[in-house]
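The structure appears below as structure tokens.
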Amino acid sequence: MKPWYRPVGHEVTVFASAYKQALPVLLKGPTGSGKSRFVEYMADQLDRPLIQVACNEDTSASDLIGRFLIKGGETVWVDGPVTRAVRAGSFLYLDEVAEAREDVMVVLHSLSDFRRTLYIDKTGESLNAAPGFQMTMSFNPGYQSRLKEMKPSTRQRFVTIAFDFPTLDIEVEIVSKESGVDLSIAKKLCALGEQIRKLTELPLKETASTRLLVYAAKLIQAGLHPRLACDSSIVQTITDDAETVTALRDLVELRF
Ligand SMILES: Nc1ncnc2c1ncn2[C@@H]1O[C@H](COP(=O)(O)OP(=O)(O)O)[C@@H](O)[C@H]1O
Ligand SMILES: [Mg+2]
């Protein structure tokens with residue numbers, strides 16, 4: 001199935017231009033704002049295979065590049081996802097790269113600049129990226145649970161595309177298309193989403209993202225009562241604080 005993506009700004013032409021010039025891209029923006037879907041869409045549009053890696057605080061350079069493993073009594077080298085993408089000329093998407101261990105960015109440096117070369121110290125190999133290779137990373141600047149920022153020297157190697165939640169009309173289109181709910185329900189959900197995003201006085205780490213609105217719409221489409229759908233996909237997901245739950249439920253009940 002072809003990935004469906006609704007452009008919200010100039011992201012498609014910026015990415016296509018960066019690809020043409022073999023420049024790596026950094027997608028910055030909140031979780032659930034369409035970054036992964038966008039990369040899947042661009043890979044499909046530009047007819048490249050896509051290798052995706054979700055990074056976390058345990059992700060090390062070896063996880064990405066590869067390691068020696070013992071197989072049937074013999075030691076064999078096994079490529080990691082970055083090495084596979086470099087050899088095959090694939091699109092590579094490193095999700096939440098700031099979460100990964102520090103050695104990760106170091107090994108990606110020579111790959112993200114004009115050299116487009118991956119040095120594998122364990123095998124002594126030096127690999128030039130095959131034509132079509134494109135490195136894209138994502139980064140969520142608002143994510144406060146870890147005090148990790150990307151270094152300016154790293155940031156400057158990338159073309160940056162900023163993602164945010166779309167305007168109401170576009171988000172209604174996305175929510176209805178992704179879930180199959182009527183426009184009237186999608187409109188109510190997206191208006192609720194906009195309202196929650198404006199509640200800066202509540203202690204919310206993450207807000208009602210497009211993804212969560214799509215989830216609520218899918219539950220409604222499955223026959224769940226809209227209040228219960230919003231409660232389990234939005235309210236309980238973005239807060240664990242009892243008072244905030246009550247405040248958000250009030251907003252839901254005003255609309256549904
Ligand atoms: N512009 C968009 N076009 C199509 N679907 C979108 C768009 N933005 C968000 N979505 C929907 O929101 C969901 C979450 O988006 P995703 O790309 O996973 O977010 P992120 O990678 O930024 O966390 C997608 O699965 C899709 O249903
Ligand atoms: Mg994602």
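Just follow the structure's listing: the first ligand is 1, and inside any ligand the first atom is 1.
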Q: Say whether, by atom type as modelled, one donor and one acceptor occur between the side chain of D250 and the main chain of A247 under 3.5 angstrom.
A: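 Side chain of D250 to backbone of A247, a donor-acceptor pair under 3.5 Å: no, none is there.
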(Q) Looking at L204, is its backbone amide N or carbonyl O close enough to the side chain of T239 to form a donor-acceptor pair, meaning the two atoms are under 3.5 Å apart? (A)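 Here the side-chain-to-backbone pair does not exist.
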(Q) Filter on side chain to side chain donor-acceptor pair (under 3.5 Å), then keep only pairs touching residues 177-194, sequence neighbours left out; what's left? (A)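 For residues 177-194: R37-E178.
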Q. What pairs of residues pass the side chain to side chain donor-acceptor pair (under 3.5 Å) test when at least one of them lies in residues 13-31, not counting sequence neighbours?
A.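 Counting only pairs at least two positions apart or across chains, the side chain to side chain donor-acceptor pair (under 3.5 Å) contacts touching residues 13-31 are T31-R211.
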(Q) Can you name the atoms of ligand 1, numbered from 1 with element, that are less than 4.0 Å from a heavy atom of E178? (A)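 Every atom of ligand 1 under 4.0 Å from some heavy atom of E178: 26 (C), 27 (O).
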Q: State the atoms of ligand 1, each with its element, that fall below the 4.0 Å cut-off from a heavy-atom position in T31.
A: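 Near T31, the atoms of ligand 1 are 23 (O).
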Nearest protein heavy-atom contact for [atom]: which residue, which atom, what distance?
{"atom": "atom 3 (N) of ligand 1", "answer": "R6 N, 2.9 Å"}
{"atom": "atom 20 (P) of ligand 1", "answer": "G32 N, 3.4 Å"}
{"atom": "atom 18 (O) of ligand 1", "answer": "R211 NH2, 2.9 Å"}
{"atom": "atom 17 (O) of ligand 1", "answer": "R37 N, 2.8 Å"}

Q.
Does R116 qualify as a cation-pi partner of F133, given the criterion of NZ or CZ under 6.0 Å from the six-membered ring centre and within 45 degrees of its axis?
A.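 That pair does not qualify as a cation-pi contact.
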**Q.** Same cluster (ILVMFWY, side-chain, under 4.5 Å), Y5 and V14
**A.**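 They do share one cluster, since a chain of ILVMFWY contacts under 4.5 Å joins Y5 to V14.
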Q. In terms of hydrophobic clustering (I, L, V, M, F, W, Y; side-chain heavy atoms under 4.5 Å; direct or indirect links), are V12 and I170 co-clustered?
A.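 Yes, V12 and I170 fall within the same hydrophobic cluster.
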Does ligand 1 come near enough to [X] that some N or O of the ligand is less than 3.5 Å from an N or O of the residue?
{"X": "T210", "result": "no"}
{"X": "I174", "result": "no"}
{"X": "W4", "result": "no"}
{"X": "G34", "result": "yes"}

Q) Has S36 got an N/O/S atom less than 2.8 Å from the Mg ion (ligand 2)? A)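 Here the distance criterion (N, O or S atom, under 2.8 Å) is met by S36, so yes.
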(Q) Check this for me, if you would: do R6 and E173 make a salt bridge, where the nitrogen-to-carboxylate-oxygen distance has to be below 4.0 angstrom? (A)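 Counted as a salt bridge, because a side-chain N and a carboxylate O are separated by less than 4.0 Å.
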Q.
Tell me whether P30 reaches ligand 1 (any heavy atom closer than 4.0 angstrom to a ligand atom).
A.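 True for this residue.
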